[in-house]
Number of protein chains: 2
Amino acid sequence: MTVYTATSLKAELNDRGWRLTPQREVILHVFQELPKGEHLSAEDLYHHLEAQGEGISLSTIYRTLKLMARMGILRELELGEGHKHYEINQPYPYHHHHLICVRCNKTIEFKNDSILKIGTKTAQKEGYHLLDCQLTIHAVCPSCQRALLPL
Amino acid sequence: MTVYTATSLKAELNDRGWRLTPQREVILHVFQELPKGEHLSAEDLYHHLEAQGEGISLSTIYRTLKLMARMGILRELELGEGHKHYEINQPYPYHHHHLICVRCNKTIEFKNDSILKIGTKTAQKEGYHLLDCQLTIHAVCPSCQRALLPL
DNA sequence: TTCCTATTAGAAAACATTTGCAATAAACCC
DNA sequence: GGGTTTATTGCAAATGTTTTCTAATAGGAA
Ligand SMILES: [Mn+2]
Ligand SMILES: [Mn+2]
Ligand SMILES: [Zn+2]
Ligand SMILES: [Zn+2]
């Protein structure tokens with residue numbers, strides 16, 4: 001859970017024998033500038049970049065999202081829409097969690113300092129190197145409670 | 001997060017104009033008997049039932065898993081294997097969370113009482129009806145840390 | 001028992017994600 | 001800067017998971 005710049009990303013990639021490409025740099029930048037509370041799917045990112053004139057192929061997008069998630073740069077979220085969503089993975093003051101309605105998928109972000117502490121301690125206890133730690137609450141939102149019956 | 005029996009499942013289904021079928025009863029039973037720490041995918045469940053002589057079609061399995069997850073009977077887990085896993089959703093003394101290695105998908109379960117409290121309070125504050133609450137820790141396990149480089 | 005319709009099995013379709021391959025271009029060395 | 005190595009890209013095809021369609025079946029209420 002570090003804050004990345006193009007430079008530190010390049011350093012970390014090169015350390016492992018990998019390369020910083022314009023595509024990777026652009027994708028990192030999109031997530032860094034993404035407004036708080038927004039989450040992008042692979043397809044979302046593809047269209048976002050296309051609209052910016054920065055066309056990047058969908059396969060590169062999938063490869064990059066997976067790479068950055070495994071490096072701990074991005075968080076991979078399951079928001080109930082049938083495909084993954086991503087957001088930048090930031091430490092303490094920005095670290096947050098998600099409350100999701102299982103019926104309409106409306107998602108609310110919330111913060112809680114003790115969760116990251118629990119995650120850090122648990123990973124450490126087992127000798128794991130922590131990348132991300134997210135509390136996901138599945139629930140039924142007020143408006144879906146009123147609209148009874150349908151699943 | 002209630003404990004279900006065939007009877008209470010029937011009651012809840014019928015309340016909503018739905019039906020208790022032998023298939024649904026069998027599937028609930030499998031999850032109730034599932035050893036602690038085991039998680040089943042749709043395919044896993046399909047083969048498990050086939051082996052028991054209780055053949056249920058894959059489409060019914062998918063429909064039932066989704067139904068029971070939305071009812072709060074089952075928890076839907078993303079364990080990094082490219083498909084969902086399910087386990088029974090039980091309250092307090094059995095309620096637990098998952099620490100997952102992003103490289104080899106090895107999963108460790110752990111408990112922490114304060115998380116469920118945080119989840120309950122957060123859902124309540126927003127007027128959501130709580131179904132499940134799970135802390136997911138993404139990390140790199142000790143053996144994958146040693147085996148450096150490969151993604 | 002009868003009626004209504006939710007649910008099932010099976011096959012086909014849809015969708016998300018991954019993979020193979022030839023062309024390209026970062027990183028490293030001189 | 002120029003040359004070499006090989007990681008990465010784009011595109012198309014393949015894979016794997018989950019959903020949907022349909023006719024037949026069977027729960028639940030009266
Ligand atoms: Mn978020
Ligand atoms: Mn579990
Ligand atoms: Zn809702
Ligand atoms: Zn591992």
Side-chain angles (χ1 to χ4, degrees), chain A residues 6-7 9-28 39-47 49-50 53-71 74 76-86 102 105 149-151, chain B residues 6-28 39-47 49-50 53-71 74 76-86 102 105 148-151:
Chain A
T7 311
L9 173 61
K10 175 167 161 46
E12 183 153 342
L13 287 168
N14 291 350
D15 265 3
R16 309 194 194 192
W18 301 336
R19 298 172 185 177
L20 177 63
T21 62
Q23 290 87 341
R24 289 175 177 174
E25 198 169 337
V26 166
I27 289 174
L28 174 64
H39 308 111
L40 299 182
S41 66
E43 204 80 30
D44 290 339
L45 178 56
Y46 179 72
H47 291 120
L49 289 168
E50 200 174 39
E54 313 244 29
I56 296 185
S57 78
L58 203 47
S59 49
T60 295
I61 287 181
Y62 273 107
R63 280 185 291 239
T64 305
L65 290 173
K66 182 181 246 185
L67 176 80
M68 291 187 173
R70 295 199 179 189
M71 291 176 73
L74 298 180
E76 201 169 71
L77 310 174
E78 198 55 62
L79 302 177
E81 295 187 15
H83 47 248
K84 291 174 176 121
H85 282 81
Y86 296 83
V102 299
N105 298 327
L149 294 180
L151 200 106
Chain B
T7 312
S8 66
L9 174 61
K10 175 164 161 46
E12 183 153 342
L13 288 168
N14 291 350
D15 265 3
R16 309 194 194 192
W18 301 336
R19 297 171 185 176
L20 178 64
T21 62
Q23 291 87 338
R24 290 176 178 175
E25 198 167 340
V26 166
I27 290 174
L28 173 65
H39 307 112
L40 299 181
S41 66
E43 204 81 28
D44 290 340
L45 178 57
Y46 179 73
H47 291 120
L49 289 168
E50 200 174 39
E54 313 243 31
I56 295 184
S57 77
L58 202 46
S59 50
T60 295
I61 288 183
Y62 273 106
R63 279 184 294 240
T64 305
L65 290 173
K66 182 180 246 186
L67 176 80
M68 291 186 172
R70 296 199 179 189
M71 290 176 74
L74 298 179
E76 200 169 70
L77 309 174
E78 197 55 62
L79 302 178
E81 295 187 16
H83 46 247
K84 291 176 176 118
H85 282 81
Y86 296 82
V102 298
N105 298 328
L148 1 140
L149 294 181
L151 200 110

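So you know, we letter chains A, B, ... as the sequences are listed, proteins then strands, and number each from 1.
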Worksheet item: In chain order, what residues pass the salt bridge (charged side-chain N to carboxylate O under 4.0 Å, His left out) check against B/Glu25, with sequence neighbours excluded?
Response: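 For B/Glu25 there are no salt bridge (charged side-chain N to carboxylate O under 4.0 Å, His left out) partners, ignoring immediate neighbours.
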
Worksheet entry | Residues forming a salt bridge (charged side-chain N to carboxylate O under 4.0 Å, His left out) with B/Glu43, sequence neighbours excluded |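 B/Glu43 satisfies salt bridge (charged side-chain N to carboxylate O under 4.0 Å, His left out) with no residue once adjacent residues are dropped.
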
Just to verify, what does [X] make a side-chain hydrogen bond (donor to acceptor under 3.5 Å, both in side chains) with, not counting sequence neighbours?
X: B/Glu12; value: B/Tyr4, B/Arg16
X: B/Thr64; value: none
X: B/Glu78; value: none
X: B/Asp44; value: B/Ser41

Which heavy-atom pair separates [X] from [Y] by the least distance, and what is that distance?
X: B/Leu65; Y: B/Leu45; result: CD2-CD2, 4.0 Å
X: A/Ala69; Y: A/Tyr86; result: CB-CE2, 4.3 Å
X: A/Leu9; Y: A/Met68; result: CD2-CE, 4.2 Å

Worksheet item: How does protein reach along nucleotides 22-30 of chain C, written 5' to 3' as B (base within reach of a heavy atom under 4.0 Å), S (only sugar-phosphate), or - (no contact)?
Response: ---BBS---

Worksheet item: Excluding sequence neighbours, so at least two apart, what forms ring pair (Phe, Tyr, Trp, His ring centres under 6.0 Å) with B/His83?
Response: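 Residues passing ring pair (Phe, Tyr, Trp, His ring centres under 6.0 Å) with B/His83: B/His85.
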
Item to complete: Walking along DNA chain D from 5' to 3', note the first and the last nucleotide with an atom under 4.0 Å from a heavy atom of chain B, and give both.
Response: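 Contacts span D/dT17 to D/dG28, reading 5' to 3'.
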
Polar pairs (N or O, both sides) under 3.5 Å between protein and nucleotides 10-17 of chain C?
unit_1	atom_1	unit_2	atom_2	d
C/dG10	N7	B/Ser59	OG	3.2
C/dG10	O6	B/Ser59	OG	3.4
C/dA16	OP1	A/His83	ND1	3.4
C/dT17	OP1	A/Lys84	N	3.3
C/dT17	OP2	A/Tyr62	OH	2.9

Worksheet item: Partners of A/Arg63 by side chain to side chain contact (heavy atoms under 4.5 Å, CB included), sequence neighbours excluded?
Response: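 Checked A/Arg63 against side chain to side chain contact (heavy atoms under 4.5 Å, CB included); matches are A/Ser59, A/Thr60.
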
Discussion item. Evaluate A/Glu76 against B/Val102 for side chain to side chain contact (heavy atoms under 4.5 Å, CB included), listing each step before the verdict.
Written reply: CA-CA 11 Å; A/Glu76 201 169 71; B/Val102 298; over 6 Å; no

Fill in: Between the first and last five pairs of the helix from C/dT1-D/dA30 to C/dC30-D/dG1, the angle of the axes, rounded to 10 degrees
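Here the helix ends are tilted 60° relative to one another.
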
